[in-house]
Amino acid sequence: MKIALITIHRTANYGAVLQAYATKLVLSRYGEVSTIDYDNRHLAHHLDLIRFDVSLRGIMMLAHDILRFPYRINAVSKFRKFIRENMNLTLKLTSKELLEGKAGDFDAYVCGSDQIWNPEIVSSDTKIDPIYFLSFAPKCRKKISYASSIGHHHYSDDEKQEVRKLLDDFEMISTRENDGVKKLAEVFPGREIHHVLDPTLILSKEEWLEAFNFKSQKQKEKYILVYSVPRTELIIKAVDFFAKKLGFKVVAIDPMLFPLTNVDKHIRTAGPKEFIELYANAEFVITDSFHGTCFAVNLGKPFVAVSPGSRANRIISLLTLLGINERLVTTESEFESISLILDIESVSTKLGHARNKSKNILAGYISKS
């Protein structure tokens, strides 16, 4: 079976690239997978060495990229190499070229995971991008969504009508958040909407380590790993609190020129492989990222998930599924209640059940003739 995958893959974001890689690996169990190299400049510009747009934010981004250029060229090169070597890309294609059928012909078309259905993420004008709804797939071909996310966005009435038309001929619709199921149920009353795991969680800890040919090593010094995307004020306080409580060194995966707070080691140039290695060897994780939380859970690391505010729905959905909501903190007063150990057996059991359910749902549709 020839399978076409469209997702968010061409970016310098660890979660996006690793979810794309995991989706491709999972789908490869059913056939030959080609990742559609969609030329979405709004997303792909994150792989530009120097970024700029005509705005105050664009000028600040330009200055920041110039100041950290030696670090950025190192990190971006690792992302580009990883994408090129692991994603089995088609030719780079614009939306016009995709709609003209230049991607080629496939037996099945899959969209997902990540926030491909969140217009605030995929387009500069915050409009829905039909390409991520497989608008380019030929008629009478199998169309499936796996863990496609709307994120924190709420569709307007006009957007609901557009989404309903775009998804009308899908054989399977699935999303990775509880509230995503509810949002899509409003679009398709009576239609079955599946709740499935993010693809980074479909691969087990052992599969992740094997994929990167990595063996866990005993570290000379134990460390707390910090991975922050929104860089909230609360995570700065969390780092200070848990560093004092645990007495470990603090290592931050952070591409910015300066770390978000005082750390012992600031890693600006990590690629996807280094990201996994740093997680695998950490003693404790502090993160305000959804995928940062996914990898802490999947690799069995005690962690605290710091709420990113209005965008916490993805983290809440995951922790609720696993019965560990108490690990999400929204205020400084909650730090003291966080256990420094994780009941790995209980979490792994629940994650295993959810993993099997998600794999079975996908297999049932993609293997169906």
Side-chain angles (χ1 to χ4, degrees), residues 5 7-9 11-30 33 35 75 78-79 81-88 112-114 146-147 149 176 196-219 223-227 229 251 253 267 270-287 289-303 305 314-315 318-319 321-322 324 327 342-360 362-363:
L5 166 66
T7 184
I8 296 173
H9 70 283
T11 182
N13 176 281
Y14 299 104
V17 169
L18 289 170
Q19 69 78 26
Y21 174 63
T23 307
K24 185 246 179 182
L25 280 187
V26 171
L27 291 174
S28 295
R29 298 167 184 172
Y30 307 100
V33 182
T35 303
K78 290 176 181 176
F79 273 95
K81 184 174 186 289
F82 181 84
I83 294 163
R84 183 175 64 251
E85 293 181 352
N86 291 282
M87 293 306 300
N88 192 27
S113 160
D114 222 341
Y146 183 80
S149 174
R176 68 184 185 192
V196 295
L197 286 178
D198 183 87
T200 62
L201 296 169
I202 292 292
L203 299 184
S204 66
K205 173 182 177 178
E206 293 72 26
E207 286 172 318
W208 274 113
L209 300 184
E210 181 182 350
F212 286 94
N213 194 26
F214 174 70
K215 295 180 180 178
S216 184
Q217 302 172 352
K218 189 171 183 179
Q219 299 301 295
Y223 64 87
I224 298 169
L225 183 66
V226 179
Y227 176 54
V229 176
V251 175
I253 304 174
I267 300 177
K273 181 178 180 180
E274 290 92 340
F275 181 88
I276 298 295
E277 291 177 348
L278 286 162
Y279 259 86
N281 286 322
E283 290 292 324
F284 193 85
V285 173
I286 303 173
T287 186
S289 153
F290 169 68
H291 280 115
T293 305
C294 286
F295 280 105
V297 166
N298 209 3
L299 299 184
K301 302 298 175 179
F303 71 95
R314 295 175 294 161
I315 298 175
L318 174 62
L319 299 186
L321 179 69
L322 299 176
I324 48 174
R327 288 200 168 267
L342 180 69
D343 187 347
I344 297 173
E345 185 176 349
S346 174
V347 171
S348 296
T349 298
K350 291 175 182 176
L351 182 57
H353 289 321
R355 179 180 292 133
N356 289 334
K357 178 182 176 183
S358 296
K359 288 163 67 174
N360 290 338
L362 178 61

Item to complete: For the residue pair Trp208 and Phe212, categorise the inter-ring angle as parallel (less than 30°), tilted (30 to 60°) or perpendicular (more than 60°).
Response: parallel
Worksheet item: Are Asp198 and Thr200 linked by a side-chain donor-acceptor pair shorter than 3.5 Å?
Response: yes
Fill in: Centroid-centroid under 6.0 Å between Phe275 and Phe295 rings
yes
Fill in: Donor-acceptor contact present, side-chain Tyr223 to main-chain Leu278, <3.5 Å
yes
Fill in: Taking every non-hydrogen atom, the tightest pair across Leu318 and Cys294
CD2-SG, 3.9 Å
Discussion item. Would you say that Ile276 contacts Leu18 through its side chain, given a criterion of any heavy-atom pair below 4.5 Å between the two side chains?
Written reply: yes
Fill in: Within-4.5 Å side-chain heavy-atom neighbours: Ile267 and Glu274
no
Discussion item. Distance check, rounded to the nearest 0.5 Å: Asn86 atom CG versus Lys81 atom NZ?
Written reply: 8.5 Å
Discussion item. Tell me every residue that passes side-chain hydrogen bond (donor to acceptor under 3.5 Å, both in side chains) with Thr7, counting only those two or more places apart in sequence or in another chain.
Written reply: Gln19
Worksheet entry | Within-4.5 Å side-chain heavy-atom neighbours: Val229 and Phe290 | no
Worksheet item: Is atom CG of Asn360 surrounded by more than 12 heavy atoms (other residues, nucleotides or ligands) closer than 6.0 Å?
Response: yes
Worksheet item: Can you list the steps and then say if Val33 with Asn88 is a side-chain contact (heavy atoms from CB on, under 4.5 Å)?
Response: CA-CA 7 Å; Val33 182; Asn88 192 27; 5.6 Å; no
Item to complete: May I ask you to decide if Leu201's main-chain N or O and Arg355's side chain share a donor-acceptor pair within less than 3.5 Å?
Response: yes
Item to complete: Let me see the working for Ile253 and Val226 under side-chain contact (heavy atoms from CB on, under 4.5 Å), right down to the final yes or no.
Response: CA-CA 6 Å; Ile253 304 174; Val226 179; over 6 Å; no
Worksheet, complete the sentence: Scanning both residues in full, the closest heavy-atom pair of Lys205 with Asn298 reads CB-O, 3.5 Å
Worksheet item: Do Leu197 and Leu321 touch side chain to side chain, with heavy atoms closer than 4.5 Å?
Response: yes
Worksheet item: Below 4.0 angstrom, N of the basic side chain to O of the carboxylate: do Glu283 and Lys301 qualify?
Response: no
Discussion item. Let me confirm one number: the OG-CZ distance from Ser149 to Arg314, rounded to the nearest 0.5 Å.
Written reply: 6.5 Å
Worksheet entry | Salt bridge Glu207-Arg29, side-chain N to carboxylate O under 4.0 Å | yes
Item to complete: Could you tell me which non-hydrogen atom of Thr23 sits nearest to which non-hydrogen atom of Gly112, and how far apart they are?
Response: CG2-O, 3.9 Å
Discussion item. Test of understanding: with ring pair (Phe, Tyr, Trp, His ring centres under 6.0 Å), list the residues that count as partners of Phe303, not counting sequence neighbours.
Written reply: none
Practice prompt. Report the relative orientation of the aromatic rings in Tyr227 and Tyr279; use parallel for angles under 30°, tilted for 30 to 60°, perpendicular for over 60°.
Written response: perpendicular
Worksheet item: Can you check whether Val347 reaches Ile324 side chain to side chain, under 4.5 Å on heavy atoms?
Response: yes
Discussion item. Surrounding CD of Glu85 (heavy atoms of other residues, nucleotides or ligands, distance under 6.0 Å), is the total greater than 12?
Written reply: yes
Worksheet entry | Val285 vs Ile224 side-chain heavy atoms within contact, under 4.5 Å | no
Practice prompt. Just jot down the salt bridge (Lys or Arg N to Asp or Glu O under 4.0 Å) partners of Lys24, sequence neighbours excluded, or say none.
Written response: none
Item to complete: Sort out for me which residue in Leu5, Ile202, Leu27 forms a side-chain contact (heavy atoms from CB on, under 4.5 Å) with Tyr146.
Response: Ile202
Item to complete: Report yes if some heavy atom in the side chain of Asp114 is under 4.5 Å from a heavy atom in the side chain of His291; otherwise report no.
Response: yes
Fill in: Side chain to side chain, Glu206 and Glu210, heavy atoms closer than 4.5 Å
no
Worksheet item: Minimum heavy-atom separation for Pro199 to Ala22, with atom names?
Response: O-CB, 3.3 Å
Worksheet entry | Test of ring centre spacing under 6.0 Å for Tyr14 and Phe79 | yes
Discussion item. Quick check for you: to the nearest 0.5 Å, what is the distance between Leu225 atom CG and Asn281 atom CG?
Written reply: 10.0 Å
Fill in: Gap between atom CG of Asn356 and atom OG of Ser358 - 0.5 Å precision
9.0 Å
Worksheet entry | Nearest heavy-atom neighbours spanning Ile344 and Gly300 | CD1-O, 3.4 Å
